[in-house]
Visitor: 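Mind having a look at this structure? Questions to follow.
Quick note on labels: first sequence line is chain A, next is B, and so on, each numbered from 1.
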Amino acid sequence: MSMTAEPIVEAVGLTVDFASAKGPIRAVSGVDLSLKPGETLALLGESGSGKSVSLRALMRLHPSSAKIGGSVRVDGRDVLAMSARELSAYRGKIVSMIFQDPGLAFDPVYRIGDQIAEAVMRHERVSRAEARKRALELFERVRIPSPERRLDNYPHEMSGGMRQRAMIALALACRPKVLLADEPTTALDATVQIQVLLLLRELQREFGLAIVFVTHDVGVAVEIADRIAVMYAGRIVESGPCADVIRNAAHPYTRGLLSSRSHGALGKDERLKAIPGSPPDLAAPPPGCAFGPRCESFAEVCGSAMPDNVVVSSSHIARCVRLAIRNSSQPGG
Amino acid sequence: MLLYALKRLVYVLPVAFGVSIVCFLLVHLAPGDPLTAIMPIDATAEQQAQMRAAYGFDKPLPVQYGIWLFKVLQGDLGASIASGRPVASEVGRAVGNSLILASLATLIGFGFGTFFGFVAGYFRGSPLDRLASVVSILGVSVPHYWLGMVMVIVFSALLGWLPSTGAGPGGSTAWRFDWEHLQYIILPAVTMSAIPMGIIARTVRALVADILSQDFVQALRAKGMGEWPVFKHVVRNAAPTALAVMGLQLGYLLGGSILIETVFAWPGTGFLLNTAIFQRDLPLLQGTILVLALFFVALNLIVDVLQSSLDPRIQRG
Ligand SMILES: Nc1ncnc2c1ncn2[C@@H]1O[C@H](COP(=O)(O)OP(=O)(O)OP(=O)(O)O)[C@@H](O)[C@H]1O
Ligand SMILES: [Mg+2]
């Protein structure tokens with residue numbers, strides 16, 4: 001990974017609007033993402049902050065009623081301008097996705113091996129036998145025991161950890177350049193979680209994948225990511241190199257997230273809930289900073305306008321007015 | 001798979017046994033003496049006793065059942081009281097006719113039902129969905145004898161396109177696959193298909209809506225599958241349940257179409273039951289019900305085996 005490489009994923013001002021009974025909901029409002037080949041970005045945030053919606057927008061997996069705005073370029077191509085045909089050639093080939101619950105992400109009435117072969121045959125002109133052979137190689141690669149036999153399993157015949165390995169095998173079947181992982185370890189037991197994380201890291205190096213990794217868990221983010229982006233109410237409120245964001249968190253929300261887990265690692269279903277209050281209603285967001293109502297250092301300026309990005313240090317930025325005030329009063333600080 | 005089918009078959013035997021007991025007792029539970037209908041009004045007590053002995057009604061019930069079952073197993077369902085003909089042949093012909101009618105009706109219903117169901121499930125909330133819903137609700141809720149009469153009035157009486165009643169020219173009751181006979185089946189089959197159509201449309205709509213909302217559909221799109229391959233997955237997931245519902249509908253239509261068969265004078269089981277009831281022809285009633293019940297049991301077995309062969313999640317152990 002070189003610092004000068006062109007980004008493989010670049011989203012600028014990404015917005016996603018859903019229609020609802022209460023009027024349009026802006027689930028994602030102006031997200032910028034930039035990812036270089038081989039890089040891992042962790043997207044961190046509470047439930048409902050728009051992580052999954054952002055991720056799906058990169059593949060345009062939303063129902064057609066959802067409106068996606070801004071620009072998304074992946075591997076040099078404009079994703080939002082793709083036709084249906086181009087889109088389906090792009091999905092699974094350039095970018096693929098791993099889902100949170102591998103128990104639900106496979107078709108329950110097809111054999112796993114066939115589902116992987118199906119993806120291979122979709123994107124490459126190969127015979128069924130060749131596609132099956134590829135599936136077998138992938139199963140060996142993700143270290144599924146007795147892979148030959150497991151190819152003929154139906155999803156319900158596998159354990160959760162094994163299904164997630166199979167899901168990873170499926171995602172990597174056509175050697176994509178970008179992997180979108182939506183909480184791929186949340187549904188798994190702690191020990192299996194670690195195994196899957198290690199496997200992902202290993203495969204990333206081998207395949208040179210760029211990964212966007214969505215998680216609730218700061219520990220997982222630290223484990224896997226080069227950079228961290230913290231989301232709150234549809235916006236990225238802080239982003240930067242992993243170490244900077246963890247050691248030198250600038251946004252009060254990030255600090256809240258970090259302190260919420262400082263007393264031991266998070267268990268399986270534990271959510272980040274140590275910050276008092278709850279996220280805003282996206283149909284009627286508060287004026288100014290969306291985190292304002294829950295912020296312990298809320299000041300009057302916070303309620304007037306959504307703060308802009310403020311540079312904390314080289315590539316570490318945060319959206320907080322107090323940083324801007326501090327920066328202007330202490331130039332160079 | 002074959003082993004599973006055999007296992008299911010073994011489970012079915014006690015059910016069939018129970019069915020036979022119920023059918024047997026039917027004659028004895030029915031109010032009145034089964035013989036009064038054929039007994040001369042002025043028969044002496046001695047004559048009555050003779051008659052009773054001739055039909056075996058003087059023996060204890062379990063013995064009667066044993067004898068009856070023994071005969072049934074040999075295909076002897078006794079003789080009709082009204083016509084004196086063997087019940088087995090009457091029922092056999094009627095079941096054949098009903099099977100043809102019910103199968104055709106189920107096929108028509110299944111075809112239109114799945115079509116409307118898929119359209120409605122895929123385009124939920126659209127005008128197409130509402131149209132399909134109206135059609136399916138009408139299908140289940142319109143009284144079928146009424147629909148049958150409307151069909152007869154429109155297509156037979158007014159337009160004169162199709163014959164109104166019977167199963168063949170000249171009151172023929174034996175079915176044959178030629179146009180002469182085929183035109184007789186169209187009106188009753190279409191009328192009868194309204195029920196399975198409505199039910200299957202509603203089932204399929206719910207199935208499709210449920211399947212489309214599942215994560216794996218999004219996962220299919222995420223790996224680059226277009227609408228057509230996704231559709232195939234949806235069909236494959238909906239098939240076990242849809243086919244099971246179709247099988248059960250066929251079972252209901254086989255025995256439950258008394259009104260339609262009567263309106264169209266279709267010489268099937270419904271028609272036969274109707275006659276048997278009004279003539280108090282208990283052996284005929286008993287035989288018909290027994291055969292229908294066994295058909296239903298067999299159909300359930302087939303549906304069960306079919307469903308488990310289509311859905312890997314159903315345990316085949
Ligand atoms: N199809 C949809 N229609 C309407 N609203 C939606 C839709 N999908 C998501 N949303 C809304 O968008 C917001 C963000 O959801 P999203 O799934 O991205 O959250 P998340 O950050 O992934 O949370 P979690 O950690 O629980 O997965 C939520 O308020 C959700 O209700
Ligand atoms: Mg999510």
Visitor: Top residue by heavy-atom pair count (under 4.5 Å) with chain B, among A:Ala105, A:Ser96, A:Pro155?
Guide: A:Ala105

Visitor: Of all heavy-atom pairs between A:Glu46 and A:Lys51, which one has the smallest distance, and what is that distance?
Guide: O-NZ, 2.9 Å

Visitor: Can you tell me if B:Phe112 has over 12 outside heavy atoms packed within less than 6.0 Å of its CZ?
Guide: no

Visitor: Can you tell me which of A:His123, A:Lys93, A:Met97, A:Arg60 forms the most heavy-atom pairs within a distance under 4.5 Å of chain B?
Guide: A:His123

Visitor: Using every non-hydrogen atom in the two residues, find where A:Val120 and A:Cys174 come nearest and quote the distance to one decimal.
Guide: CA-SG, 3.9 Å

Visitor: I need the residue from A:Gly92, A:Pro108, A:Ala84 with the largest number of non-hydrogen atom pairs under 4.5 Å to chain B.
Guide: A:Pro108

Visitor: Between B:Asp311 and B:Arg313, does at least one N-O distance fall below 4.0 Å, as a salt bridge requires?
Guide: yes

Visitor: Checking heavy atoms, do the side chain of A:Arg56, its backbone, both or neither come under 4.5 Å from chain B?
Guide: side chain

Visitor: Does any heavy atom of chain B fall under 4.5 Å from the side chain of A:Ala89, the backbone, both, or neither of them?
Guide: neither

Visitor: Which bit of A:Gln115 comes within less than 4.5 Å of chain B, counting heavy atoms only: side chain, backbone, both or neither?
Guide: both

Visitor: In terms of heavy-atom proximity below 4.5 Å to chain B, should A:Leu170 be classed as side chain, backbone, both, or neither?
Guide: side chain

Visitor: Go through the structure and list residues passing side chain to side chain contact (heavy atoms under 4.5 Å, CB included) with B:Val142, not counting sequence neighbours.
Guide: B:Leu138, B:Trp146, B:Leu147

Visitor: Among pairs that include at least one residue of residues 194-213 of chain B, which meet side-chain hydrogen bond (donor to acceptor under 3.5 Å, both in side chains), considering only residues two or more places apart or in two chains?
Guide: B:Asp129-B:Arg205, B:Asp210-B:Gln214

Visitor: Please classify the contact of A:Phe99 with chain B as side chain, backbone, both or neither, using a heavy-atom distance under 4.5 Å.
Guide: side chain

Visitor: Is the shortest distance from a Lys or Arg side-chain nitrogen in A:Glu124 or A:Arg134 to a carboxylate oxygen in the other one below 4.0 Å?
Guide: yes

Visitor: Are A:Asp114 and A:Arg128 within salt-bridge range, i.e. N to O under 4.0 Å?
Guide: yes

Visitor: Output all residues satisfying side chain to side chain contact (heavy atoms under 4.5 Å, CB included) with A:Ala169, sequence neighbours left out; order by chain, then residue number.
Guide: A:Ile116, A:Leu138, A:Phe139, A:Val142

Visitor: Decide if atom CZ of B:Phe115 counts as having more than 12 heavy atoms of other residues, nucleotides or ligands within a radius under 6.0 Å.
Guide: no

Visitor: Do any of residues 218-236 of chain B have a heavy atom less than 4.5 Å from a heavy atom of chain A, and if so, which, in residue order?
Guide: B:Gln218, B:Ala219, B:Leu220, B:Arg221, B:Ala222, B:Lys223, B:Gly224, B:Met225, B:Lys232, B:His233, B:Arg236

